[in-house]
Amino acid sequence: MADTASQSRIEELLAGLNAPQREAVTHGDGPLLILAGAGTGKTRVLTHRIAFLEGTGMARANEILAITFTNKAAQEMRERVERLLGRRTRAMWVMTFHAACARMLRADAHRLGYTRQFTIYDQADARRLVKRSLDELGVDTKRFTPGAVHHQISDAKNKLRDAEAYSRLVGSYFETTVADAYRIYERELHRMNAMDFDDLLVNAVNVLQLFQEVRDRYSTAFRHVLVDEYQDTNAVQYRWLQLLASEHRNLAVVGDDAQSIYGFRGADIGNILSFEETFPDAHVVKLEQNYRSTQTILSAANAVIAHNREQKHKSLWTNLGQGEPIKIRELDDEHAEGRYVVGEIERLVDEGASRAEIAVFYRTNAQSRVIEDTLVRRDIAYQVIGGTKFYERAEVKDAIAYLTVLGNPQDVVSFTRIVNSPRRGIGQTSLGRVIAHADAMGISIWQAAAHADQVPGLGTAAVRSLGRFMDTMQDLRERVEQRVPIGDLLESLLHDTGYIDALQAERTIEAQGREENLAELVEVAREFDATAEEEADTLDVFLQGVALVADADTRTDDEGLITLMTIHNAKGLEYPIVFIAGMEEGVFPHSRALDEGGLEEERRLAYVGVTRAMRSLYLTSARRRAVFGATQYGMRSRFLDEIPPQLTDRADEPRIRAGVAAQRPGSWASSSSSTRTETAVPAFRMGDDVAHAAFGAGVVTGVEAGGIVVVRFAGDGSERKLMAEYAPITKL
DNA sequence: CGTTATCATATTTTT
DNA sequence: TATGATAACG
């Protein structure tokens, strides 16, 4: 490794890193803990370290395992490493926990009684199966919702407790019910040759633990294991990492305990807090210099997080200067809050800010609606991150389920999904008979359906309908065996099964949208076909890949779009200008978190939110907010009070120094917003003819409280609710 | 079997 | 306020 060319390449690699970053990058063998505060360049350190290991010959590409939580992060990491190294890195395992486990399991799941085409169930599939398990037990699924039960099961799995271990630990009636459901659920999953997300991890650990030769194979192969966002790992992931790093002990983890916000999903902050106890010889590096935010923002974040007990002390600093104070505004209600936020956005854009630089965060998705309404009214383009995801859309899931059944004939959940979609006249009763018959005979659902005439009690219409359906499926399966490209397969599938026809028959805008989504899915498949190697079993590789993709990276950096999202979704991102709305007790911190002792995690969430901001930060709250229809009065969030006043500009309080206070004595928000809406009400009456800038001519069909008028528009016949004062409407 | 009406119910969610 | 699930009806 000592030739001059590579020597200079390494120097280049290290140039521009600060001292602790360089220390982390160049660390040799042995466990390494990198405590990286927000915005301190942790991805940089990770990618440079990988490049360093490879560049110096300390590890070859196929000896490196780099783990992330999201596909996006994995993709980005690979790209950055490739840019640093100046070459492709196909042999390197840079992927999510789940993808790595799925890949291992495709090779070794047969040892646990699965085939390599096992199906991966997402949360919705899993919940459906839990429901069936509960039904089998005769449990009232209203008292014990499948969601809650699945959450409990998932939690157990994440702690490496199987059904037996779980049942030994529990006492309450709810828990014993869960234990019974857990047992049936596991049995069913296995019988269907299916795994849920948690199983990917659990079964990977099982394979490694039960089969010495498998463990040896992987633990020898991976000379260096690197993990991103280590604070979010749970017990299974921890165990999996331990097994893989057992041979070389080169485990490098990067994380920030202050950003652990997925405890409700089983993430164990203890993994990072006790890393040094687990690995007494661990080298620890702290990254505290932040390259993102102003010192004011960092000081606020530091001050808030200081209120937590459980933490590794860190103190973020920057040389970017103080910057402007944090603006804290208290408004009357959520509408006034929305108007304030949008008003500020308009002002900032007028002053030259790009819309893409602005983000609005909130604690719960429900909060987005009011803000969206206001943005629509003011005609400001925006995008919401996190809504319904591409792969969770019904039509996409249907199409995937069709493919899944072709590969895995035992998969009852997928079969159930597609058998009557589009409508074929095979209802619950008929399907139930087929399933019961399959169970009784010990055959797959596919086989039972293929011989529908032998299913007892099935009506002639159902037999005929099933026969037609299975004929189509049989033909499609032959095409799978002929290795038809997946794009083509999918396309003919959608036509042969009548799916497209049914959508077209609907003649609605939504159906058209669904068709477009399906076209996009075909496109995804075509891309896969184009890049796939000439290997066997491409269908299951495609399906398992698709199952592990959350959203199709819809996050666009479109120039003209304001971005709205929950704070959870904001982790890892940065924006010059950030608004956090709903800073009230009960909303943020969320009431449910308060009940369950999750205050520290809420505070970490606040820390994450605040540290996303580069230049300007706005924190807003509403004195009054409609929650589920009813008005609630919430106190300002405690997190606001944890920010030292000298860092803030609070318009609702007399400021210590003159200036702002002189210009606005008293409450700024209450006087303006409430009076404005009330004066606007009498302007419109039922029956008034009006004109709207965008929708055209219409007639007022109703007047509601809060200055809202209902207008039916002549153009498209639609009826819309508009804010009289803000909507661009005029009386004729 | 499919449609409609009513009622309960309501964080956050990388895979 | 909105959605989703079940119950009753056609």
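All heavy atoms count here, side chains included; hydrogens, waters and symmetry mates do not. Letters go in sequence order (proteins before strands), and every chain restarts at 1. From a predicted model like this one, the values you see are computed outputs, not experimental measurements.
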(request) Mark yes when over 12 heavy atoms from residues, nucleotides or ligands other than A:E310 sit less than 6.0 Å from its CD; otherwise mark no. (result) no

(message) What verdict does the side-chain contact (heavy atoms from CB on, under 4.5 Å) test give for A:R265 and A:D155, after you've listed the backbone C-alpha separation in whole Å, the side-chain angles of each residue and the deciding distance to 0.1 Å?
(response) CA-CA 7 Å; A:R265 276 176 57 144; A:D155 194 58; over 6 Å; no

Are [X] and [N] close enough that a side-chain N or O sits under 4.0 Å from OP1 or OP2?
X	N	value
A:N569	B:dT13	yes
A:S591	B:dT11	no
A:T429	B:dC1	yes
A:R369	C:dT1	no
A:N420	B:dC1	no
A:R423	B:dT3	yes

Between [atom2] of [N] and [atom1] of [X], the distance in whole Å:
X	N	atom1	atom2	value
A:D140	C:dA7	CG	P	10 Å
A:R265	B:dT13	CZ	P	10 Å
A:Q632	B:dT11	CD	C1'	14 Å
A:H590	B:dT13	NE2	C1'	14 Å
A:E602	B:dT13	CD	P	12 Å
A:H151	B:dT12	NE2	P	12 Å
A:R128	C:dG4	CZ	P	13 Å
A:Q428	B:dT3	CD	P	14 Å

(message) If I pick the P atom on C:dG4 and the same atom on B:dT13, what distance separates them, to the nearest angstrom?
(response) 16 Å

(request) Nearest-nucleotide wise, let me know which of A:E596 and A:S430 is further upstream toward the 5' end of DNA chain B. (result) A:S430

(request) Could you label the plane-to-plane angle of the A:Y262 and A:F264 rings as parallel, tilted or perpendicular, counting under 30° as parallel and over 60° as perpendicular? (result) tilted

Select base, sugar-phosphate, or nothing to describe what [X] touches, counting heavy atoms under 4.0 Å on all strands.
X	value
A:D198	nothing
A:A73	nothing
A:E229	nothing

(message) Set out, in order, the CA-CA distance, both residues' side-chain angles and the distance that settles side-chain hydrogen bond (donor to acceptor under 3.5 Å, both in side chains) for A:Q75 and A:R78, then state yes or no.
(response) CA-CA 5 Å; A:Q75 213 179 310; A:R78 189 184 290 279; over 6 Å; no

(request) Go through the side-chain N and O atoms of A:T364 and A:Q367 and say whether any donor and acceptor fall under 3.5 Å apart. (result) yes

(request) For A:P589 and A:E602, work out which heavy atoms get closest and say how close. (result) CA-OE1, 3.3 Å

(request) Answer with yes or no whether A:R363 presents, from its side chain, a donor or acceptor under 3.5 Å of a partner atom in the base of B:dT11. (result) no

(message) Between B:dT12 and A:Y262, is there a base-stacking contact, meaning the centre of the base's six-membered ring lies under 5.5 Å from the residue's ring centre while the planes stay under 30° apart?
(response) no

(request) Using a 90° cut-off around 0 for syn, call B:dT11 syn or anti. (result) syn

